[in-house]
Structures are given as structure tokens and as C-alpha cells.
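Letters A, B, ... are given to chains in the order of the sequence lines, protein chains preceding strands, and every chain is numbered from 1.
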Amino acid sequence: MLQVQFIVENKETVLKGLAKRNLKNASQKINSIIELDKTRKETQSELDNILSETNKLSKEIGMFFKSGETSKANTLKAKVATLKEESKKLSEKLTDCKTQLDNALYEIPNIPNTKVPEGNSEDDNITIKEWGELPKLYSEAKPHWELVKQYDIIDFELGVKITGAGFPVYKGKGAKLQRALINYFLDKNTDAGYQELQVPHLVNEASGLGTGQLPDKEGQMYHCGVDNFYLIPTSEIPITNIYRDVIVKEAQFPIKHTAYTPCFRREAGSYGKDVKGLNRLHQFDKVELVRIEKPSESYKALDEMVEHVANILEELRLPYRILCLCAGDLGFTSVLTYDFEVWSAAQGRWLEVSSVSNFENFQANRLKLRHKDENGKSQLAHTLNGSSLALPRIMAALIENYQDENGVNIPEVLQRYTGFDVIN
RNA sequence: AGAGGGGUGGCCGAGUGGUUUAAGGCGCACGCCUGGAAAGCGUGUUUACGUGUAAGCGUAACGAGGGUUCGAAUCCCUUCCCCUCUGCCA
């Protein structure tokens, strides 16, 4: 969430940013936040004064009891009783005010970067780079869901039997290819200085709140009721929450992590070719990048991440394009996001395989993730993340783009990981 | 899962109702001392909110949340976590 102080001091900038996102009743919401903050400050001051007085009197009571002046003590006790009533009222008012303020802040999305194009939907995203020639497939080319069946490398029906739709079983060379991709991605990331982590796949409520999936996106996560844990929809949650309530030391920067995890998403409400085959699953694998940066370095870090992901796709020789998301398509928490899409030749469409974002201090504010600046003052750090990469759609594109009369060929860079060069 | 013991500052650790303004130690920073360093000595060393131009001042925080009391690290309740033993288990 945004910092109240930032909203108060930069009201016009905030309103302009929210207008870009077409947020309804923005100025009303912002005014109410400013008003609530004012009330909060006043109430805090009033309460502190009363508590200060109460503390002073309590000490005096103690001394009177010690010296045996019971009647004096009792007089003060009566006085404290009235003060206590007042402080109770004020403290309730303060709690109430803070809750209202937080709830109001939760509704305000992040302010888009000036680079973010105007626009209402994905149609307004701007392509900033295209790479690779779209492959011309041979006449018998098929979509991946037919190929995986033909070569028996991914079994959707089996997954339905075991669990339900959207939980495929990878078999034989399919499983091996999946594992090869994971290892390849992790190696690329660690070579680029990202520390590899293995993190829990279930997280508690505090972590869900920290990165902002809770409370609003509760329905999109699988929940273990008895223990009150959530299955992670992305490893961003466990990785970023390492830094919840942390003050990072100067020497720790830059902080670069990568992790492979399965991701679990309930994703209700989609249909048709969007969910066909590997296009959208309830469980899928992903290798993630997370960076914690000093504010002055975060955009350099974002560019590095984009460059890094592009390099991987080029090594795989998958045609891709990079989109700069427009304000209307930009995620709630993001300031600037680049989406990577690869060309799925047999489907004749682009598939999103990575999303790289700078959240600036929006996430850090909820996480209470800070660092000390040059003057020794605590400042919120910046958080960034990106996929490198989401497995299923890479699989889909690979299988489709690399098919020919002989079967599905394996990109050269992966062959030392798979140990075979064709699936047939 | 059962029984028992714990959770105090960056770290160790004292503290069972009232000058706790959380002892003492370690670490760290600065200063003195020194040719230089170590040792020694001195000073300082949390976070959040409020207030103030600032120095500072006020409030809150002893795992978390409630309660008792004029007053709680200390007593009571709830809850989370850690350790030991027993059980179960890859």
C-alpha cells in the first residue's frame, strides 16, 4: 500500500496516477484518507497526554502507599479512574481510525510510472521489442495438447482422475523435459548472481497479508482450513516474506534470489481456448526472481531482469515480444510491468510466460521492509519480481514450435539437461 | 499427538506487582591514552507513532492478543513458536 505521508504530501501526483488507472471516486477516497490521517494524529496526541498524566499519578500513588498516606493515595486513585475512562474511549477511537485508514489505503493501487502508457485494456499495451522469426510449421503441425497425447508425455485425464482438471501428469520425456527446463532456468539465474532458495510451498496468514494476496485475493488461493495455511500461487510470497519486518543493512544490497516452486491457483471463471491444454492450470511450475533494492537502484535492476529473461528466451530460440503494460492492465501493486509473451505456433497466438515488475515501496510498506539511508534514517526498500520462467506455456511453445516430421526436437541449449534431442 | 520446560534489546543473560529510566556482560560506534595497535578508561548504541526548525520531549512495545490492578516483563486467560522426553513417521 501507499504511504499516508506520501499521499498527503503529493496529493496531485497521486490523483493524476489514479486517474490514469481510471480509479472511480479517486479524489473522494484520497480526501477521506487525508481526513482520517488528521484525526488519527489528533487522537494520538490527546491519548498520549492522558496516558502521560496517568503514569505520573500512578507513581505518586505508589509513593503515598509506601509512606502510609493512604487517604492521599485514594484521592488520586479516583482521579486516575476518570482519566482511564477517557483513555479507553480515545484508544478505541484510535484503533477504529487506524482500521478505517488501513482499509481505505488497501483500496488505493500503486501509482503508475510515467513510462506506463495510457489505456484501458490489454489492447493498449505497447510492444517495446519483438525478437525472432515466427516459425513456419510443416503441414501436419498440431497444437501441443494433441502432440503431448500422441507422444504420451503429458496426461490430462490422469490428472483429472487423481485430482481434477488443471492438474496434469507429466510422463517420461515430458517429465524429463520439465525437469531439464527447471534446472536450466535455475542455472541461468544463479550464474547471473541470484541466490537459489528452496522455500515452503505453504504459507501462513501473515505472509499472505505481507505481500498483499490477502485479504483481497483470498478466493484465488487454496486454503488448508485446519492449519490455516495457504498453498502458494507464486514463490514471490515465501521469498519476499523472508524480508518482512526486516531492516536491511547497506552491505546486503543488492539482494537477488531465485527459487523453483510449484504454484497453485484456483483461477475460477475462465473457459475455451484460454484453458485448453497447458494454457492455464491449477498447479504449475515456475522459477521466480525476486530482488530487494535501494530505491535509487531499482530501475536499473528492472532493466537487468528484463535483459536476463530475454536472454533465456533467445537461447531457447523462442520468438517473443515484450509488452509494456498500460495503466488499465497494470497489476494493482505495480508501478511498471513488462510482460513477456512467446509465440505458440500451432495455436497462432502469443502466450504470457513472464511478468517483470517494479513495485517500488508499495509492497515494502506492508511488509515493513526497510533499509538505512546515507543519513542513518529508515526508509522503505524497493521490491521487484519476475518469472524466469513459467513452465507450462514454455513447454507448449517449445513442443509446438519445435515439431516436424520426426517429432518434437529439443533446443540445443537444453540437450545436456535432457539427455535426448527429440521426442517421438 | 501426550508430558514437562521455555520465549526479555544486535547477541548472551538478570529480573515473580511500585525510582526498571529493563541490571550485568558481549558486540558495535566515537573519544581519551599510544610511535602505531591491543589492553585499559570514558561516552553512546532498538523500533513505531505523536510533537518540535532542531536538540529534545511524550506514548507504546519483554513472542502475539485479551484481562486483573492506581500501577504488569512479573499475576490470570487465549494463542503461536522453540527445547527435552515419549509416541507416530519419509
Using nucleotides 71-81 of chain B, report all nitrogen or oxygen pairs with the protein that are shorter than 3.5 Å.
{"from": "B:rG71", "atom 1": "OP1", "to": "A:K84", "atom 2": "NZ", "distance (Å)": "2.9"}

query: Within this structure, what is the CD-to-C1' distance between A:E53 and B:rC70, rounded to whole angstrom?
result: 13 Å
- prompt: Is the number of heavy atoms from other residues, nucleotides or ligands within 6.0 Å of CD (A:E314) greater than 12?
  reply: yes
P-based separation of B:rC77 from B:rA3 [nearest Å]: 16 Å
statement: Whole-Å distance, A:K249 NZ to B:rC28 C1', equals 10 Å
- prompt: Does some side-chain heavy atom of A:H371 sit less than 4.5 Å from a side-chain heavy atom of A:Q252?
  reply: no
message: Please identify which of these residues, A:T39, A:D96, A:D37, meets the side chain to side chain contact (heavy atoms under 4.5 Å, CB included) condition with A:L101.
response: A:D37
field: Backbone N/O of A:T258 and side chain of A:E196: donor-acceptor pair under 3.5 Å
entry: no
message: Work out how far the P atom of B:rG9 is from that of B:rG50, and round it to whole angstrom.
response: 25 Å
- prompt: Does B:rU43 have a Watson-Crick or wobble mate here (both distances under 3.5 Å), and if so which one?
  reply: B:rA29
message: Would you say that more than 12 heavy atoms from the other residues, nucleotides or ligands in this model lie under 6.0 Å from the CZ of A:R265, or not?
response: yes
query: Parallel, tilted or perpendicular: which fits the ring planes of A:H308 and A:Y194, with parallel below 30° and perpendicular above 60°?
result: tilted
field: Neighbour count above 12 (heavy atom, 6.0 Å) for A:K368 NZ
entry: no
query: What interatomic distance, in whole Å, is found between C1' of B:rA60 and the corresponding atom of B:rA22?
result: 15 Å
G-U wobble or Watson-Crick pairing nucleotide for B:rG4 (cut-off 3.5 Å, both distances): B:rC83
Residue matched to B:rA90 through Watson-Crick or wobble contacts both under 3.5 angstrom: none
message: Whole angstroms only, please: what is the NZ-P distance between A:K372 and B:rU45?
response: 13 Å
query: Mapping A:M63 and A:K59 to their closest nucleotides on RNA chain B, which lands nearer the 5' end?
result: A:M63
- line: Pairing partner of B:rA22, by Watson-Crick or G-U wobble and under 3.5 Å for both distances, is none
field: Pairwise side-chain contact, A:I162 with A:F167, heavy-atom cut-off 4.5 Å (strictly under)
entry: no
- prompt: Using the ring of each side chain (for Trp, its six-membered ring), is A:F264 parallel, tilted or perpendicular to A:Y222, with breaks at 30° and 60°?
  reply: perpendicular
message: Using a 4.0 Å heavy-atom cut-off, does A:L51 contact any base of the nucleic acid, only the sugar-phosphate backbone, or nothing at all?
response: sugar-phosphate
field: For B:rG58, the Watson-Crick or wobble counterpart (both distances under 3.5 Å)
entry: B:rC49
- prompt: Looking at A:N55, does any N or O in its side chain come under 4.0 Å of the phosphate oxygens OP1/OP2 on B:rA60?
  reply: yes
- prompt: Rounded to whole angstroms, how far apart are NZ on A:K56 and C1' on B:rC70?
  reply: 15 Å
query: Is the closest side-chain heavy-atom distance between A:K372 and A:E250 below 4.5 Å?
result: no
Span that lies between the C1' atom of B:rA64 and that of B:rC26, in whole angstrom: 29 Å
Using a cutoff of under 3.5 Å, can you pull out all pairs of nitrogen or oxygen atoms linking the protein to nucleotides 48-50 of chain B, with atom names and distances?
{"from": "B:rA48", "atom 1": "OP1", "to": "A:R370", "atom 2": "NH1", "distance (Å)": "3.1"}
{"from": "B:rC49", "atom 1": "O3'", "to": "A:R40", "atom 2": "NH1", "distance (Å)": "2.9"}
{"from": "B:rC49", "atom 1": "O2'", "to": "A:Q44", "atom 2": "OE1", "distance (Å)": "2.9"}
{"from": "B:rG50", "atom 1": "OP1", "to": "A:R40", "atom 2": "NH1", "distance (Å)": "3.4"}
{"from": "B:rG50", "atom 1": "OP1", "to": "A:R40", "atom 2": "NH2", "distance (Å)": "2.6"}
{"from": "B:rG50", "atom 1": "O2'", "to": "A:S45", "atom 2": "OG", "distance (Å)": "2.5"}

- request: Considering only atom P, compute the distance from B:rA14 to B:rG25 and round it to an integer number of Å.
  value: 15 Å
- prompt: Roughly, in whole Å, what's the span from CG in A:L57 to P in B:rU59?
  reply: 12 Å
- prompt: NZ of A:K377 versus P of B:rU46: gap in Å, rounded?
  reply: 16 Å
task: Quote, to the nearest angstrom, the P distance that separates B:rA23 from B:rU43.
output: 14 Å
field: G-U wobble or Watson-Crick pairing nucleotide for B:rG65 (cut-off 3.5 Å, both distances)
entry: B:rC77
field: Gap between atoms NZ and P, on A:K77 and B:rU69 respectively (whole Å)
entry: 10 Å
message: Taking B:rU8 as the reference, what is the distance to B:rG13 when you measure between their C1' atoms (whole Å, please)?
response: 9 Å
query: When rounded to the nearest Å, what value does the distance between C1' atoms of B:rA29 and B:rC49 take?
result: 27 Å
- request: Quickly work out the A:L90 CG to B:rU59 P distance and round it to whole Å.
  value: 15 Å
- prompt: Do A:L197 and A:I239 touch side chain to side chain, with heavy atoms closer than 4.5 Å?
  reply: yes
